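These notes are about the structure you will find just below.
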Amino acid sequence: MKTSSFSFHFFLTLLSLLLTIVKPDPDPLQDYCVADRNNPRSIFINGAPCINPSLALPSHFATSALSKPGNTANQFGFNVTLTTIANLPGLNTQGLTIARVDLAANGVVPPHSHPRASEVTICLEGSILVGFIDTSSHMYTQQLRVGESFVFPRGLIHFLYNMDPMKPAMAVSGLSSQSPGAQIASLSMFASKPAVPDEVLKKAFQITGQDVAKIRRNLGG
Ligand SMILES: *[C@@H]1O[C@H](CO)[C@@H](O)[C@H](O)[C@H]1NC(C)=O
């Protein structure tokens with residue numbers, strides 16, 4: 001009897017832990033929790049502390065952060081501008097981020113993943129080849145034209161590529177976390193600090209030490 005009630009409790013605990021893991025950001029306990037940008041970070045909590053709700057202003061829920069294109073003059077030809085609790089404090093605890101993705105002609109957002117968010121993207125300018133790879137290494141890809149959308153499931157590696165050699169492209173994404181995180185696969189592997197050991201990269205990618213050195217150089221590692 002004792003054992004079975006113990007294992008039942010164990011099962012419940014495990015279940016609630018698993019449910020916590022698959023949940024998006026924690027639910028807000030009030031209508032809103034406008035991030036207090038002046039509060040020095042002396043205590044660390046999951047999210048940012050809120051200002052007194054009676055001091056909330058319409059402007060806390062608005063931002064022009066995404067109104068201008070980001071500068072795409074870098075080696076990949078892309079720039080991602082994000083809403084954050086600094087430029088849009090009303091998003092605090094709402095489990096949301098908006099991203100503006102600017103792509104130069106033939107620019108790419110290199111394969112990357114967001115460990116804490118699913119993403120839905122809409123092409124607003126140009127045409128964009130998008131794709132993600134699932135955990136069975138199956139790739140799902142699509143060419144988006146203006147007005148068309150695509151979903152990148154949570155945590156899966158994905159990319160956006162502007163196939164047009166002449167014209168820029170632009171997309172806007174919604175992400176299901178106020179802190180989605182972004183890990184660019186190539187930079188994680190070849191430009192980390194400290195560096196991933198050469199031997200690991202040589203074996204993992206089946207390349208030579210010279211290849212490793214070259215890719216590191218190319219990526220600023
Ligand atoms: C993105 O654009 C902003 C604004 O133009 C610029 O400050 C930033 O350096 C750019 N980021 C990259 C990676 O080029």
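Because only heavy atoms are used, hydrogens play no part in the values below, and waters and symmetry mates are left out as well, while side chains stay in. This chain uses plain numbering: 1 for the first residue, then up along the sequence. Order of listing sets the numbers, starting from 1, for every ligand and every atom in it. Small disclaimer: the values here were computed from a predicted structure and weren't measured.
- Using a 4.0 Å threshold on non-hydrogen atoms, atom 11 (N) of ligand 1 counts as touching the protein.
- If you check each of N79, T81, V80, D102 against atom 3 (C) of ligand 1, the one with the closest non-hydrogen atom is N79.
- Annotation: the span from H114 atom NE2 to T97 atom OG1 amounts to 9.5 Å, rounded to 0.5 Å.
- Annotation: atom 4 (C) of ligand 1 to nearest protein heavy atom, N71 N, 4.1 Å.
- Counting protein heavy atoms under 4.0 angstrom from atom 14 (O) of ligand 1 gives one or more.
- Residue-ligand proximity, G70 to ligand 1, at heavy-atom distances under 4.0 Å covers atoms 2 (O).
- Between F152 and F150, the ring planes lie perpendicular to each other; the angle is over 60°, past the 30° to 60° tilted range.
- Annotation: F190 is in aromatic contact with F205 [ring centroid separation under 6.0 Å].
- Rounding to the nearest 0.5 Å places OG of S113 at 14.0 Å from CZ of F159.
- Between R216 and D198 there is a salt bridge, with a side-chain nitrogen of the basic residue lying less than 4.0 Å from a carboxylate oxygen of the acidic one.
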